[in-house]
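Report on the following structure.
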Amino acid sequence: MAVVEMREALNQALKEEMTRDEKVFILGEEVAEYNGAYKVTKGLLDHFGPKRVIDTPISESGFTGLAVGAAMMGLRPVVEYMSFNFSLVAMDQIISNASKMLYMSGGLYHIPIVFRGPNGAGPRVSSQHSHNMESVYAHFPGIHVLSPSCPADAKGMLKAAIRCNDPVVFLENELNYGLKEEIPDGDYLIPIGKGDIKRAGNDVTIIAWSRMMTLAKQAAAELEKEGISAELLDPRTLKPLDMPLIAESVKKTNRVVIVEEGHFFSGVGAQIADSIYTQMFDYLDAPIARVAQSENPMPYAANLEAATLPSVAKIVQAVRQVTYRS
Amino acid sequence: MAVVEMREALNQALKEEMTRDEKVFILGEEVAEYNGAYKVTKGLLDHFGPKRVIDTPISESGFTGLAVGAAMMGLRPVVEYMSFNFSLVAMDQIISNASKMLYMSGGLYHIPIVFRGPNGAGPRVSSQHSHNMESVYAHFPGIHVLSPSCPADAKGMLKAAIRCNDPVVFLENELNYGLKEEIPDGDYLIPIGKGDIKRAGNDVTIIAWSRMMTLAKQAAAELEKEGISAELLDPRTLKPLDMPLIAESVKKTNRVVIVEEGHFFSGVGAQIADSIYTQMFDYLDAPIARVAQSENPMPYAANLEAATLPSVAKIVQAVRQVTYRS
Amino acid sequence: MAGVKKEQTRSLPREKLVAMYEKMLVIRYFEEASIKAYQQKKIAGFLHSYIGQEAVGVGTLEHKLPQDAVVTSYRCHGLYLALGGSPREGMAELFGKVTGCARGKGGSMHFFSQPHNFLGGHGIVGGQFGAGIGAAFKSNYDEDNAVSFIFFGDGALAQGSFHESLNLAALWDLPAIFICEDNQYGMGTANTRAIANTDVASKAEGYGIKGTTVNGMDLFEVHETMRHVAHETRATRRPALVHMKTYRYFGHSLSDAGLYRSKDEVDAYKQKDPILTVSQELRENGWMGEDENKNLQKKIRAHIQDAVDFADESPEPPLEELTQQVFRDSVGSD
Amino acid sequence: MAGVKKEQTRSLPREKLVAMYEKMLVIRYFEEASIKAYQQKKIAGFLHSYIGQEAVGVGTLEHKLPQDAVVTSYRCHGLYLALGGSPREGMAELFGKVTGCARGKGGSMHFFSQPHNFLGGHGIVGGQFGAGIGAAFKSNYDEDNAVSFIFFGDGALAQGSFHESLNLAALWDLPAIFICEDNQYGMGTANTRAIANTDVASKAEGYGIKGTTVNGMDLFEVHETMRHVAHETRATRRPALVHMKTYRYFGHSLSDAGLYRSKDEVDAYKQKDPILTVSQELRENGWMGEDENKNLQKKIRAHIQDAVDFADESPEPPLEELTQQVFRDSVGSD
Ligand SMILES: Cc1ncc(C[n+]2csc(CCOP(=O)(O)OP(=O)(O)O)c2C)c(N)n1
Ligand SMILES: Cc1ncc(C[n+]2csc(CCOP(=O)(O)OP(=O)(O)O)c2C)c(N)n1
Ligand SMILES: [Mg+2]
Ligand SMILES: [Mg+2]
């Protein structure tokens, strides 16, 4: 078991899958000569050459569309968005083409593309550079949405995403790239649609993904001191959700807190809550509490940025609420 | 009280507001010489001239951006998308610019724009022309999302939207343009954020908007025969939601069915359900039932299209479920 | 290339000219039949007719090799048929039947044919550029010497995707041929009201590639010019921009009354009708007499009627297909 | 316009040249101070320096009239200052203080100034084109004879919004001046690896407008050329495309080590430094002696230090502002 940073785990996944399959290539801004804006693609150009590791102009719509056509003709593109904020200019190619192609062609053209890059708020990058896109991409049929919270998951999930024959939106997080943890050796996959219990507990289920799981872990440690045993559930795949795993946990704890970095209204958390209420109404001892970004664009000022994002304190507070400790 | 079609009600709103305020103008594809793809802008070119009623090239991103700049300089654009499917290529201008501008400029530049056009499925127009965009636009702060279900509301809501100093996404429906009903005479406004009870009832609250309200009314009539008294609640504004009105109704009926034409996962219905569960947990006698599009792109075949969309039968079935009559 | 001489067109061997004439007839009759069926409510949604533009698709795709890819807008029936797509499967698609080329799921705007690398049938204006340059990219990746034929309307010139795709293709030497089917209107908007400079070929220079203007109503000119363009793009891997001046006889779609243009304008174009012109050429060359022509037309009409009957008799997709083909792989609890 | 003669540049009156020289110094020192503050962690996020490009902004905006609008990318400090924006409010914005030009909510990428019609400060590459042509549209709407100055980087040439906005402006006679600040790189990508034809001016013809190439390192040439361009656009309402060849001395942002270019390349440009050149001109013309220059520089450095102190001492935004300014109007239960 090696200890590596998230960016290195992702890099290994790319390298292994590109080695395994000649049809896999990666394109995006600064992925080649610059070794990636966040160094996730470091060394890939040297290893695979410019045919398969491709720097693009700032044309997200253009190169996303190109990836769709390449996929229709049998290639397996990995599209890196320098940040998912920039996928907004490519939205039509992802929603109208990538996610619809197999269906509207009556099953003729499948689209094996991984759309990946950092999602959510970077440090102090303000209103236009802090969007969480998970609920938007999860809303439409035809795309899987994945978001890892640790290096081990990141590698196994990205490898599974690259081998998937359908479009996958793979959401990373800038502040997580430096997260350093053990990962299994060699080749392993984490199947799409399978969540994971990151910490077992009895009193409350905290559902969180990506960077929010890091906060949830800290919250669980604090709650421990208060005698509250929190179970931490990482769906890992946001769509399709691993409802069996969620059900199992909720039936045990009867209380749920959902934490997402993104916005509240119709967030993925709203869907998780709705699904839990519908399927486990009688198991819930309290209404579900949701922790999410406050209802405003991301401000630049340090104090406002801190106040708008979910925090350990907010998670702890939400747990107290659902366990009636407040 | 005149009886007019939805398109005529919208046309009156545009005409009255453009007459009232010189700064209001409308631009979009075929809005002028063609009198609108769905005739909503009929006669406006003749009445206001080409300066204020403007045919655009097929450049949604370009003319949406233009509207943002014009708004920053003091004009009040009404942007028509021939259909909201085409707003996907303009998404970045709506989300990154229109909805963020006031905040990221520290309050300097407000954006009085109405983005309007048909939303959802037209008749047999297949995968790329049938998107329901409400949950996407409602997800991000900085935009109001409105969607009228009848001519009277359409006129009063559009007038309020045009007078609003902030971005409004105004979602119409192609299949509703011909809906003919009475509207009040003269100048009236329906405030943003105010829902309406379309039919009083005691046994169940059916929450529906836009074209779904038409189906809900038919469902209520059928349910009547079964001795089930359904209350029909139209939020009209999807964001911000009129939670006081919803709470009042739920406290009376204790049972809720939410109907939306769009997709299920993180739909607006998921948020409405989450908000009801959170605020009225103890008033609910049954889990909320949601009726939405099935989890696939829109098919062309008549039988599949009918099967994928919400229907009167599906609504009736959902009501039976929450009232334990099935 | 505008200087192509009429004499040269004579250099077309009889068999080739007759074959192309047949294809134009197949398209014309298929579209006429689909309009009839639409009026009978057997087809719904949007229906965009290719009638008037037959020479563009037929003359161009004569140069398509098996490995080449083709993509276009929703106005896709003509190209599908020019490629050799089955009228039966095409008509069945319009009827929303499971025997259709997209199993009835795509409809009029979304024809596909994998054997011909026909990548659709795209409903979003400008949405097809990416698929086209992606196929060209794949050709370089696999070194299979293919080219991409990207058809699009004059209205699509105003979309950002046109610019991004052209820049990428020119920058990376992607063998994509950008063919603007300029029928002079985007719905009810004359291209002079939508495009700042309607000399489409002049836009090539900004990308450092060649631009060519062609009379799209003249099958001979289309065929000859595209022979050069296709050959050059295949050899040099440089993209090309082609301005095809053509015209659609019907409204934008069947719901369009076409009030924005005069009957005289339409009639003037019908005088230059590509099918009319070619049949005259065939007669004048003594390559096809009146009777032979009549018989051929009768044969093709029967062929199309067979397609209509096939579509009529075919079943709708079974309901279980509603949620099938959303994904190729089954994952998780989905 | 490339044929502008150096002699003509001499025609600049002393006051004007000195004023522009001062503005370039304000920008240079402001940016230097912000880099220092960034290293001291008083500024966070991205910081994009304008150092090296001062002549472009200063020479161009000298021709801005009060009713004109200006918009640019995230590399926005220089233009904000060239317009006369307050260094205090600019620095406070970088420090995330409520006294900032965007109340601390926008940060480095989102400077705004309403008195100057400075419409930002846009973080999305190509995102500013729309705002720029929208302001030009408003000028025609209100007939106030204004023009829009739209600044953008060479990397933005690859975005669809460039094409859509240029087409709309040319089609509708919107008085917008598209100024490409070609500093030859988009982050680590040389423009030759991003743009198919790097002769930016040549892209104008495809839109039927004029293209102009300018040495952006030469304040005199920028000022003189833009005088013509601004005058012509104001008079004719025709948009213009200007290719400014310039260079940024620092990395793309402070997190960029700039390994993709050689020290020699950077040094070569520093030889042509606009501030250096102008100070030499001033000396050679006997318009400003060594001491006077030194004193001026000292005065401006103090001015910038005052801005830093102001930013330092200013308070953060009160927490209640977190959810304020999301909307101008309060509606419903919001
Ligand atoms: C992005 C987008 N905007 C608008 C539409 C609606 N629309 C469909 S076809 C069309 C006109 C296209 O004209 P042109 O490109 O010239 O093609 P033609 O129909 O003439 O073949 C429009 C506006 C669309 N499908 N996609
Ligand atoms: C649509 C979009 N894609 C990517 C980015 C990330 N990004 C920020 S600046 C930049 C380079 C822009 O270069 P250029 O346009 O030449 O401007 P310069 O920084 O050189 O002034 C990139 C890729 C972005 N902000 N927006
Ligand atoms: Mg056309
Ligand atoms: Mg640059």
Side-chain angles (χ1 to χ4, degrees), chain B residues 22-23 25 27 51-52 54 56-75 77 89-90 92-93 96-97 99-112 141-144 160 163-167 191-195 237 239-244, chain D residues 69 71 93 98 100-107 109-114 117 119-124 126-142 146 148 159-161 163-169 171-172 174 317 321 323-329 331-334:
Chain B
E22 278 280 313
K23 297 286 183 198
F25 69 98
L27 76 171
K51 173 188 169 186
R52 298 178 64 195
I54 303 161
T56 66
I58 310 167
S59 308
E60 287 80 3
S61 164
F63 65 73
T64 301
L66 183 150
V68 171
M72 292 177 84
M73 295 300 288
L75 300 184
V89 294
D92 181 65
Q93 282 298 324
S96 299
N97 276 359
S99 77
K100 304 290 188 295
M101 196 59 70
L102 181 66
Y103 196 80
M104 72 184 187
S105 68
L108 291 178
Y109 288 102
H110 64 287
I111 305 294
I143 321 176
H144 302 307
R163 294 189 198 185
C164 178
N165 286 304
D166 299 301
I192 293 173
K194 292 277 164 269
T237 295
K239 190 183 184 188
L241 285 165
D242 187 348
M243 286 312 292
Chain D
V71 66
E93 190 58 37
V98 69
C101 57
R103 301 188 70 76
K105 280 178 164 167
M109 300 191 285
H110 305 300
F111 277 26
F112 292 84
S113 172
Q114 210 159 24
N117 294 328
L119 308 181
H122 289 247
I124 304 302
Q128 71 269 39
F129 289 112
I133 62 170
F137 174 90
K138 183 268 184 187
S139 166
N140 285 353
Y141 196 92
D142 288 352
S148 287
Q159 274 287 329
S161 56
H163 169 71
E164 293 194 13
S165 302
L166 213 48
N167 182 60
L168 285 168
L171 183 70
W172 290 345
L174 305 180
E321 281 210 16
T323 52
Q324 290 168 0
Q325 293 147 3
V326 177
F327 294 110
R328 171 61 55 93
D329 301 346
V331 302
S333 39
D334 255 13

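Naming: A, B, ... by sequence-line order, numbering from 1 per chain.
Within the 4.5 Å cutoff, side-chain heavy atoms of B:Met104 are placed close to those of D:Phe112. Side-chain contact check for B:Leu66 versus D:Trp172: some heavy-atom pair is nearer than 4.5 Å.
With rounding to the nearest 0.5 angstrom, the CD1 atom of B:Ile58 is 10.5 Å from the CD atom of D:Glu164. The distance from atom CZ of D:Phe327 to atom OG of B:Ser99, rounded to the nearest 0.5 Å, is 8.5 Å.
Under the 30°/60° scheme for interplanar angles, the aromatic rings of B:Phe25 and D:Tyr141 are found to be tilted.
Only the side chain of D:Leu174 comes within less than 4.5 Å of a heavy atom in chain B; its backbone stays farther off. For B:Ile111, no part lies near chain D; criterion is any non-hydrogen pair under 4.5 Å. Proximity to chain D is limited to the side chain of B:Ser96, based on heavy atoms less than 4.5 angstrom apart. With a threshold of 4.5 angstrom between heavy atoms, B:Thr56 approaches chain D through its backbone and through its side chain. Using a 4.5 Å cut-off between heavy atoms, D:Gln128 makes no contact with chain B at all. Of the two parts of D:Ile124, only the side chain, counted from C-beta on, holds a non-hydrogen atom closer than 4.5 Å to a non-hydrogen atom of chain B. Heavy-atom distances place the side chain of D:His122, and not its backbone, under 4.5 Å from chain B. Contacts between D:Ser113 and chain B at a heavy-atom distance below 4.5 Å involve the backbone alone (N, CA, C, O). Within the 4.5 angstrom heavy-atom criterion, no atom of B:Lys100 approaches chain D. Using a 4.5 Å cut-off between heavy atoms, D:Glu93 makes no contact with chain B at all. Only the side chain of D:Asp142 comes within less than 4.5 Å of a heavy atom of chain B; its backbone N, CA, C and O stay farther away. Interface residue D:Leu119: backbone and side-chain heavy atoms are both found under 4.5 Å from chain B. Residue contact with chain D, scored on non-hydrogen atoms closer than 4.5 Å, involves the side chain of B:Asp92 exclusively.
Distance alone, capped at 3.5 Å, is enough to place a donor-acceptor pair between the B:Asn97 side chain and the D:Gly127 backbone. In this structure a side-chain-to-backbone donor-acceptor pair under 3.5 Å is present from B:Asp166 to D:Asp329. Within the 3.5 Å criterion, the main-chain N or O of B:Gly107 finds a donor-acceptor partner in the side chain of D:Arg328.
Contact record, B:Ser59 with D:Leu168: CB-CD1, 4.4 Å, taken as the closest heavy-atom pair. Listed here is the closest heavy atom pair of D:Ile133 and B:Gly62: CD1-O, 4.1 Å. Residues B:Gly142 and D:Val326 approach most closely at N-CG1, 3.8 Å, considering heavy atoms. Between D:Arg103 and B:Gly106, the closest heavy-atom pair is CD-O, 3.1 Å. Of all heavy-atom pairs between D:Val331 and B:Pro240, the closest is CG2-CG, 3.9 Å. Contact detail for D:Ala131 and B:Met72: the closest heavy-atom pair is CB-SD, 4.3 Å.
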Can you list the steps and then say if B:Met73 with D:Phe137 is a side chain to side chain contact (heavy atoms under 4.5 Å, CB included)?
CA-CA 10 Å; B:Met73 295 300 288; D:Phe137 174 90; over 6 Å; no

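Per-residue counts of heavy-atom pairs under 4.5 Å with chain D were compared for B:Ile54, B:Val68, B:Thr237, B:Thr64; the largest is that of B:Ile54.
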